[in-house]
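This report concerns only the one structure given below.
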There are 2 protein chains.
Amino acid sequence: MKAETRKDEIIKTAAKLFKEKGFSAVTMRDLASAMGMKAASLYNHIKSKQEILKEIIISLAEEFTHGLELIQKSDISSIQKIEEVVKLHVNITSQNTFGMASLNNDWMHLEEKLDYYLELRSNYEEELRQIIADGVKKGEIIDENIEIMLFSILSTLRSLYLWIPKKDYLNPEKLSQELSTVLVKGINKKID
Amino acid sequence: MKAETRKDEIIKTAAKLFKEKGFSAVTMRDLASAMGMKAASLYNHIKSKQEILKEIIISLAEEFTHGLELIQKSDISSIQKIEEVVKLHVNITSQNTFGMASLNNDWMHLEEKLDYYLELRSNYEEELRQIIADGVKKGEIIDENIEIMLFSILSTLRSLYLWIPKKDYLNPEKLSQELSTVLVKGINKKID
DNA sequence: CAAGTAAACTAACAACTGTTAGTTTTTTTA
DNA sequence: TAAAAAAACTAACAGTTGTTAGTTTACTTG
C-alpha cells in the first residue's frame, strides 16, 4: 500500500463529480473548486482532463479482466464460476462506486485509449459467454438463449454502482451471496 | 397518429446523438449539422437544448408510469405482473432505444423538470417493489431480499436499450418471453 | 398570383471551455 | 537554515458554447 498522492486525490474527486453529472458536464474549474484550488493548479499533477478519465476507467477495466482470468482458469463448476464473477463485481464496485459510473457511462470519451477499452470489454463479454455456454453444455445451466442470460447477468452486475451506495448496510459477502441466489435460481418459488 | 413535425425530427435526431455521446457532449451545432441546417435554425422549432431533453425523457417516464398503473390494477398473479412489466420495458425500449439512453443517463440535466422526474421514478420503483412483496406474501415468489430482487430485475430492464439494437433479430414478443423465463426461473438447471 | 406562414439563413453576443506561461508560496530535505 | 522540490497562484489565450436578432428564402393557401 503506497501513500495516496495528490494526483490520486484529484482522480478520486473527479470520479465523484463524474458520477453526479457525467464527464462532459464537469469542468476543470468544478474539479478545482471541489479540491479547494484553482483550475490551473490541477495541471501540476495531471496532464489533461482526458488523462483523469483514462486513469479511472482503464485501471478498473484491467482489474475486471485480470479477475475474470483467474476465475476462468480455476477448476470449479460453471455455476461456481458465475458466483465468483458476481463476487468480483461486488468487490470492485464496493471499493469504487464513483469510478464504476465513469466506466459505464463515459467510456466513449476515452479517445486514444478507446480501442483498448473496447477490446478489454468485448473480451470480457466473450469469456463470460463462454462460461455460460460451457455450463449449458455440461447440463448445469438451462438450455435457454445464451445471449439473454449473459445480458441479464451483466446488466445487473454493471448496475451495481447505482445500488450499492443506497444499500451499504449489506456487506459485500452477504450481497454477493444473495445476488447469486437471485441470478442463479430466479425469483419464483419452486413447488417442492 | 398525427404527422411528424419538424420538431419531432429534431428530437429524434437529438436522442440519437445523445445516446452516442451524452447530452452534455452534444452541441447545438452537432445537432444542426445532423439535421442538415445551421444551429440558429433549430430555434425556429425548439425553445432550448433543455427542452429537447425534457421532451425525450418525460414522455418516456410517463409512458412507463401509465403502463405500470394498468398492470398494477389488473387481476393477475404477481409473477404474471412481473412478466407484464418485462413486456412493458421491451416494448417501449424497442420503439425508442435512443430516448431510453437519455432516460437512463441524462436525467440529472433536466433542471426544472428534475423533481417531477425523480418523483415518477421513485413511485415506479415503489410500485414494482410492492408487486414483488405481494408475491412473496402469497408464496409465489421466494422469500429472499426484496431489494435485491427489485434491483436485479430493474437493472436488466433498464439496460435493454443497450442490447436490443445488437439483437434486433429477436422480435419483442420472443425477447419478452425468454427474458421473463431467465428473470423468473433463473439460469440453473433444476434436477427434476 | 398575392399574402401569409414556415423554415432556413448570416452575424454576433457574452459566457464558458481546457490549457499554458510565468510567478509566488509552502513544504521537504540536506 | 539554505536549497530544492512541490504545489499553489494570477493572468491570459484561443476556441467553443447556447442563444438572440434580424433577414431572406421556400412553401402553402385564399
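Numbers restart at 1 for each chain; the letters A, B, ... are given by sequence-line order, proteins then strands. The shown structure was predicted, so the numbers you read here are calculated from the model rather than taken from an experiment.
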Determine whether more than 12 heavy atoms belonging to other residues, nucleotides or ligands lie under 6.0 Å from atom [atom1] of [X].
X        : atom1 : result
B/Lys174 : NZ    : no
B/Lys81  : NZ    : yes
A/Lys137 : NZ    : no

- [ ] With a 4.0 Å heavy-atom cut-off, tell me which residues in residues 101-113 of chain B come close to DNA chain D, sorted by residue number.
- [x]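 Within residues 101-113 of chain B, no residue comes under 4.0 Å of DNA chain D.
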- [ ] Compare all side-chain heavy atoms of B/Leu162 with those of B/Asn104 and state whether any distance is below 4.5 angstrom.
- [x]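 Of all side-chain heavy-atom pairs linking B/Asn104 with B/Leu162, none is under 4.5 Å.
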Task: Close side-chain approach of A/Asn171 to A/Leu175, heavy-atom, < 4.5 Å - done: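 A side-chain contact under 4.5 Å is absent here.
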Side-chain donor-acceptor distances from residues 49-57 of chain B under 3.5 Å, at least two apart:
| unit_1 | atom_1 | unit_2 | atom_2 | d |
| --- | --- | --- | --- | --- |
| B/Lys49 | NZ | B/Phe23 | O | 3.0 |
| B/Lys49 | NZ | B/Val26 | O | 2.8 |
| B/Gln50 | NE2 | B/His109 | O | 3.4 |
| B/Glu51 | OE1 | B/Lys47 | N | 2.7 |
| B/Glu51 | OE2 | B/Lys7 | NZ | 3.0 |

Open item on the list: For the helix from C/dC1-D/dG30 to C/dA30-D/dT1, what angle separates the axis at the start from the axis at the finish, each from five pairs, in steps of 10°?
Closed with: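 Axis-to-axis angle, ends of the helix: 20°.
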Open item on the list: Students often mix this up, so state it plainly: with edges at 30° and 60°, are the rings of A/Phe64 and A/His89 parallel, tilted or perpendicular?
Closed with: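 The arrangement is tilted - the two ring planes meet at 30° to 60°.
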Open item on the list: What residues from residues 14-39 of chain B pass a heavy-atom cutoff of under 4.0 Å to DNA chain C?
Closed with: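 Contacts with DNA chain C under 4.0 Å: B/Arg29, B/Met37, B/Lys38.
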TODO: Could you check which residues of residues 40-59 of chain B get a heavy atom under 4.0 Å from DNA chain C? Sort them by number, please.
DONE: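 Within this stretch, B/Ala40, B/Ser41, B/Asn44, B/His45 sit under 4.0 Å of the strand.
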Open item on the list: With a 3.5 Å distance limit and no angle check, can you tell me whether A/Asn105 reaches the backbone of A/Gly22 through a side-chain donor-acceptor pair?
Closed with: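 Looks like no, no N/O pair under 3.5 Å.
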Task: A/Glu140 side-chain N/O to A/Ile79 backbone N/O, donor-acceptor pair under 3.5 Å - done: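 The answer is yes, because a donor-acceptor pair under 3.5 Å joins these two groups.
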Open item on the list: Quick check for you: name the first and last nucleotides of DNA chain C, 5' to 3', having an atom under 4.0 Å from a heavy atom of chain B.
Closed with: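 Going 5' to 3' along DNA chain C, contacts run C/dA7 to C/dA12.
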TODO: Mind listing the closest non-hydrogen atom pair of A/Ile76 and A/Gln80 along with its distance?
DONE: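 Nearest heavy atoms, A/Ile76 then A/Gln80: CB-OE1, 3.4 Å.
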Task: Exercise: do A/Asp8 and A/Thr5 side chains pair donor with acceptor under 3.5 Å - done: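 Their side chains do contain a donor-acceptor pair, which is all the 3.5 Å distance test asks for.
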Task: Evaluation steps, side-chain contact (heavy atoms from CB on, under 4.5 Å), between A/Asp30 and A/Lys21 - done: CA-CA 11 Å; A/Asp30 289 338; A/Lys21 311 167 60 179; 3.4 Å; yes
Please table the atom pairs, donor to acceptor, closer than 3.5 Å between any side-chain atom in residues 148-156 of chain B and protein atoms at least two apart or in another chain.
| unit_1 | atom_1 | unit_2 | atom_2 | d |
| --- | --- | --- | --- | --- |
| B/Ser155 | OG | B/Phe151 | O | 2.7 |
| B/Thr156 | OG1 | A/Ser152 | O | 3.3 |
| B/Thr156 | OG1 | A/Thr156 | OG1 | 3.2 |
| B/Thr156 | OG1 | B/Ser152 | O | 3.1 |

Can you list the residues that meet the salt bridge (charged side-chain N to carboxylate O under 4.0 Å, His left out) rule with [X], with sequence neighbours excluded?
X        : answer
B/Glu126 : B/Arg129
A/Glu62  : none
A/Lys12  : A/Glu4

Between N or O atoms, less than 3.5 Å apart, protein on one side and nucleotides 26-29 of chain D on the other: list the pairs.
none

Task: Partners passing side chain to side chain contact (heavy atoms under 4.5 Å, CB included) against B/Ala61 (at least two apart in sequence or in another chain) - done: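 B/Leu103, B/Tyr117, B/Leu120.
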